[in-house]
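Quick note on labels: first sequence line is chain A, next is B, and so on, each numbered from 1.
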Amino acid sequence: MTGEILSIENLSVEALVGKETRLLVDGLSLTVRRGRISALVGASGSGKSMTCSAALGVLPPGVDLASGRVTIDGVARDAATLRGRHVATIMQAPRSAFNPVRTMSDHAIETLKALGRFGSDAADRIEASMTAVGLNDVKRVLGLHAFEMSGGMLQRMMIALALLSEAPFLFADEPTTDLDLVVQLRVLELLERLVEERNLGVLLVTHDMGVAARLADDVAVLDRGRIVEQAPVMDIFQAPRHHVTCMLVRAHLSLYGMELEA
Amino acid sequence: MSLISAVDVSKTYQTHALLGRGIRKQVLENISLAIEEGETVALLGRSGCGKSTFARLLVGLEQPTSGEVHYRGRSIDELRHRETQGFRRDVQLVFQDSPGAVNGRFTVRAIICEPLRHLTTHDRAGREARMRELLEMVELPADIADMLPSQVSGGQLQRVCIARALAANPKLIILDEAVSNLDTHLQASALDLLRKLQRDSGMAYLFVTHDLRLARRFASRCLVMDEGRIVEEFPAASFEAMQHPASQLLKSAILPPMPAKTRRGAPVG
């Protein structure tokens, strides 16, 4: 699967609340390039996760896609062909993303089968992905269930499953929010290394400006379903223009006893 | 006399197996800690270090395997009925997982009024007035009272839980990662709110967290816990003095305030 640039174009998502229709995502356009990490930041409820779900065609019941399409190198792709083939996904709560009665081995095999790539080299490919994310004790981990693993291990396993797909793009929706800070740092370092080694294009959804500061190349700021500012990460932190961006950066810096300049 | 203190507290969990011997795991080892009235203490540590277990022991949700928890100088096991009532009113806990800490079938009104019914002498009208006052304190709109937990945001629900903890005018609130899941700007305003409430009423806080940034901003005294032991204690003002490897690790995991100089430069094309 090739492709250099993934574009989300004019995406709108609406939900029926009572008798009125409410726009959750409003005409959003966003570009993810291979080898770069684009962060989508915003307060909770601003529509970050909805954007990911809508782009991949996995919106929850009661929420509908009103408009928009996803293109790869300018060619429109429907959601079903994007998922797993062009875009792999990792999510916030790794524990609930796994089937509790299945082992990690079952999950890896299912991933390969779903993509039609289960062949004689399956075991080698699974081992290679797991080693790449630092799960070195491959045999033991493959025999484990989700409840026998820590949050950090589960998130690594989820990234390993994402790598198995060999998709060029990765949507990471709050990948470290439920992890402790030390584990968070390791997972962020891992993502950064994988972007460099495998030339992945990452859409990183986060509410934590510290995560964006650590990892992102470009940042898009979302507020009530609209992108209000889009710029390289340095500009966002040093010279934010929109008041929502200013508010986010100011709150973030206040944790460090720092203030926004100018 | 300290408001609450743990005296040489240890806790061991035992699993019971159908065949063979169960596994014993010591999660807390000889912990002593005293909290004075009006003080803010931070308890820092990684996931799984035992800090939540310790918080649960302090409020009596769990029993220590050895050692004692003292409330105003008396062991909480020896309190009489009336004193127990006072202890439960004075010491409140706010959990990390707010959806899991409330009854999903209760309205916000019922959630906040529950401690008022059990721990205070307010009548119906008095409870309603107090609930409105509490909503105002945590800066929530009054019309949220009729909503269910599923209809409010995570940040709002965490404020409801803080309002519930404040309901009976406690002397100590234990915040177990209570602001960790909130958006950064909500974390900042939640901490400002707690500090303001402390100024007004002289409450003490035990702030349990893995985030050094929050501890530095909020607490006056910090303790670092690692594998069930308190390994270091220092004033919040002198973070640089941290020595222990567990403290150093927590410090090294703090995310940068600002991005590093351009990593991959501007996009091509």
Side-chain angles (χ1 to χ4, degrees), chain A residues 4-5 17 31 33-39 41-46 150-152 176-186 188 192 195-196 206-219 232-238 244 247-258 261, chain B residues 44-49 51 96-97 151-158 177 179-192 209-218 226 236-237 239 245-246 248-269:
Chain A
E4 286 300 316
I5 299 178
V17 181
T31 302
R33 289 162 204 272
R34 289 198 74 178
R36 293 181 74 81
I37 300 177
S38 304
V41 303
S44 53
S46 61
S150 69
T176 58
T177 303
D178 283 2
L179 305 177
D180 108 18
L181 283 188
V182 178
V183 182
Q184 159 168 288
L185 185 69
R186 301 281 176 268
L188 295 181
E192 187 172 47
V195 168
E196 264 159 39
T206 181
H207 71 272
D208 187 342
M209 294 301 280
V211 171
R214 174 69 183 77
L215 216 57
D217 300 302
D218 312 291
V219 178
V233 65
M234 249 335 178
D235 297 355
I236 291 284
F237 280 84
Q238 286 186 335
V244 172
M247 186 270 290
L248 289 172
V249 174
R250 196 170 285 131
H252 164 72
L253 291 179
S254 77
L255 285 179
Y256 300 83
M258 293 167 68
E261 285 170 33
Chain B
L44 289 154
R46 297 190 55 182
S47 308
C49 75
K51 49 191 199 307
Q96 172 172 21
D97 168 29
Q151 295 170 318
V152 306
S153 79
Q156 289 177 323
L157 193 57
Q158 193 56 280
E177 300 280 16
V179 301
S180 307
N181 281 353
L182 300 179
D183 283 349
T184 315
H185 68 281
L186 293 178
Q187 284 185 353
S189 63
L191 293 189
D192 288 344
T209 183
H210 62 248
D211 193 336
L212 239 57
R213 299 173 305 185
L214 296 176
R216 174 157 55 185
R217 204 164 172 264
F218 188 59
D226 186 40
F239 254 65
Q248 298 284 356
L249 190 61
L250 285 174
K251 195 164 150 187
S252 71
I254 296 180
L255 291 167
M258 298 290 279
K261 294 283 174 237
T262 43
R263 282 184 291 273
R264 275 175 284 275
V268 198

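For Q187(B), the part lying near chain A is the side chain, with the backbone staying farther off; criterion is any non-hydrogen pair under 4.5 Å. In this structure, chain B has no heavy atom under 4.5 Å from any part of I236(A).
Scanning both residues, S254(A) and A188(B), for their nearest heavy atoms gives OG-CB, 4.2 Å. Nearest approach of P259(B) to F237(A), heavy atoms of both residues: CD-CG, 3.4 Å. Scanning both residues, P256(B) and Y256(A), for their nearest heavy atoms gives O-OH, 3.7 Å. The two residues A260(B) and M234(A) make their nearest non-hydrogen contact at O-CE, 3.6 Å.
Taking CG of L191(B) as the reference point, atom CG of L255(A) lies at 8.0 Å (rounded to 0.5 Å). Atom CG of L255(B) and atom NE2 of H252(A) lie 8.0 Å apart (nearest 0.5 Å).
Chosen from G151(A), S150(A), G210(A), the residue pairing most often with chain B at heavy-atom distances under 4.5 Å is G210(A).
You'll find the side chain of V183(A) reaches within 4.5 Å of the side chain of R46(B), heavy atoms only.
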Practice task
For L181(A) and L250(B), run side-chain contact (heavy atoms from CB on, under 4.5 Å): C-alpha distance rounded to whole Å, both residues' side-chain angles, the deciding distance at 0.1 Å, then the answer.
Solution key: CA-CA 7 Å; L181(A) 283 188; L250(B) 285 174; 5.6 Å; no

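Not a single donor-acceptor pair under 3.5 Å links the side chain of H207(A) to the backbone N or O of T184(B).
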